Amino acid sequence: MSRPLFLVDALPAIGQFVLEGAEGRHAADVQRLRPGEELLLGDGLGGLAPATVVSAAKGSLLLDVGQAALTDAPQPRLIVAQGLAKGDRGELAVQAMTEVGVDEILPWAAARSVTQWRGDRGAKSRDKWAATAREAAKQARRAWVPAVGGAPDVSTKQLAARISRLHSWRLTQAFPGSGSAFVLHEEAGVRLAAVDLPDNGDLILVVGPEGGVAPDELATFTEAGAVPVRLGDNVLRTSTAGVAAISLLNTRLGRW
């Protein structure tokens, strides 16, 4: 069994370190790790350090920490603009996409989103997505925890502007093969499996809510430089479309 991962604000130096707080309680009281067992400490920003349990107390572990190593961020970065979905479908999408390797998630307030994030509710919902991504990253033993953007959500105008900047950057001679943006749409004539992929930079993937991407949104994103694509002949739920797309991209990019 692989070593469990626990996240800390900053990786400690080589030597003894007390893991406490929420992570310490989970390690000592829930997973019940005992002296001699091994684990990993991570900072969520690529740093990982091996550690061995020296002793256990209620809510904390005394660890012997080894040399930390830095894992490079994967290239290109896989960014998903996830349409806000009702119920727990958004969180399910965040969890699964994190497990399969998404690098950034943008909560997108699409025209057909039934759920709207406004005021305190929006901030709390975004924080819940971030917490879900953090826990899923730990489960998957990821060195990099995906960022969850938005303040607390991203409008179509903001998302189109980001796509436009990426498209303009890609067209410059200084950065050939950098960045791309795609919109998952069931009526697209091009399959994601057949498009050219960037070597580095950001790869933005737009996933609509339950009602899909509205025609005017599709036109806006296309004008900004995004390419409409489909996965296959079946129409997937908003909670699974991003997961399927990232899995396909992982294979094409050599991550899997």
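Just so it is clear, the model here is predicted, and its values are computed rather than measured. Basis for what follows: all heavy atoms, side chains included, without hydrogens, waters or symmetry-related copies. Sequential numbering from 1 along the given sequence is applied to the chain's residues.
- Side chain of R112 to main chain of G211: a donor-acceptor pair is present (N/O by atom type, distance under 3.5 Å, no hydrogens or angles).
- For the side-chain contact (heavy atoms from CB on, under 4.5 Å) criterion with L236, the lone passing option out of L231, L184, V243 is L231.
- Ring centroids of W129 and W117 are separated by less than 6.0 Å, placing the two rings close together.
- Donor-acceptor pairing under 3.5 Å is lacking for the side chains of W144 and T71.
- For the atom pair CG (D127) and CZ (R134), the distance works out to 12.5 Å, reported to the nearest 0.5 Å.
- Between the side chains of E37 and T52, no donor N or O sits under 3.5 Å from an acceptor N or O.
- Neither L19 nor I14 shares a network with the other; the hydrophobic side chains, linked directly or stepwise wherever heavy atoms of I, L, V, M, F, W or Y lie under 4.5 Å apart, form separate groups for each.
- Proximity of a side-chain donor or acceptor of D64 to a complementary backbone N or O of Q16 within less than 3.5 Å is not detected.
- L84 has its side chain out of reach of W108: every pair of non-hydrogen atoms, C-beta onward, lies at least 4.5 Å apart.
- Residues V195 and V229 form a side-chain contact, since some pair of their non-hydrogen atoms from C-beta on lies under 4.5 Å apart.
- With a 4.5 Å cut-off on side-chain heavy atoms, Q82 and L106 do not count as touching.
- Between K138 and E23 the shortest side-chain heavy-atom distance falls below 4.5 Å.
- A donor-acceptor pair under 3.5 Å is formed between the side chain of R230 and the backbone N or O of G232.
- Using a cutoff of 4.0 Å between basic side-chain nitrogens and carboxylate oxygens, R77 and E104 are scored as salt-bridged.
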Verdict with reasoning, D202 to R162, per salt bridge (Lys or Arg N to Asp or Glu O under 4.0 Å): CA-CA 10 Å; D202 291 346; R162 181 162 178 175; 3.7 Å; yes
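- If you take CG on L7 and CG on L5, they are separated by 5.0 Å, rounding to the nearest 0.5 Å.
- Looking at L40 and F6, their side chains never come closer than 4.5 Å, going by heavy atoms from C-beta outward.
- Considering OG1 of T156 and CG of L218, their distance stands at 11.5 Å, rounded to 0.5 Å.
- P74 is listed as a side-chain neighbour of D103, based on a closest heavy-atom distance under 4.5 Å.
- Checking side-chain atoms of S239 against main-chain N and O of R89 turns up no donor-acceptor pair under 3.5 Å.
- No path of Ile, Leu, Val, Met, Phe, Trp and Tyr side chains, each step under 4.5 Å between heavy atoms, connects V100 with V145, placing them in separate hydrophobic clusters.
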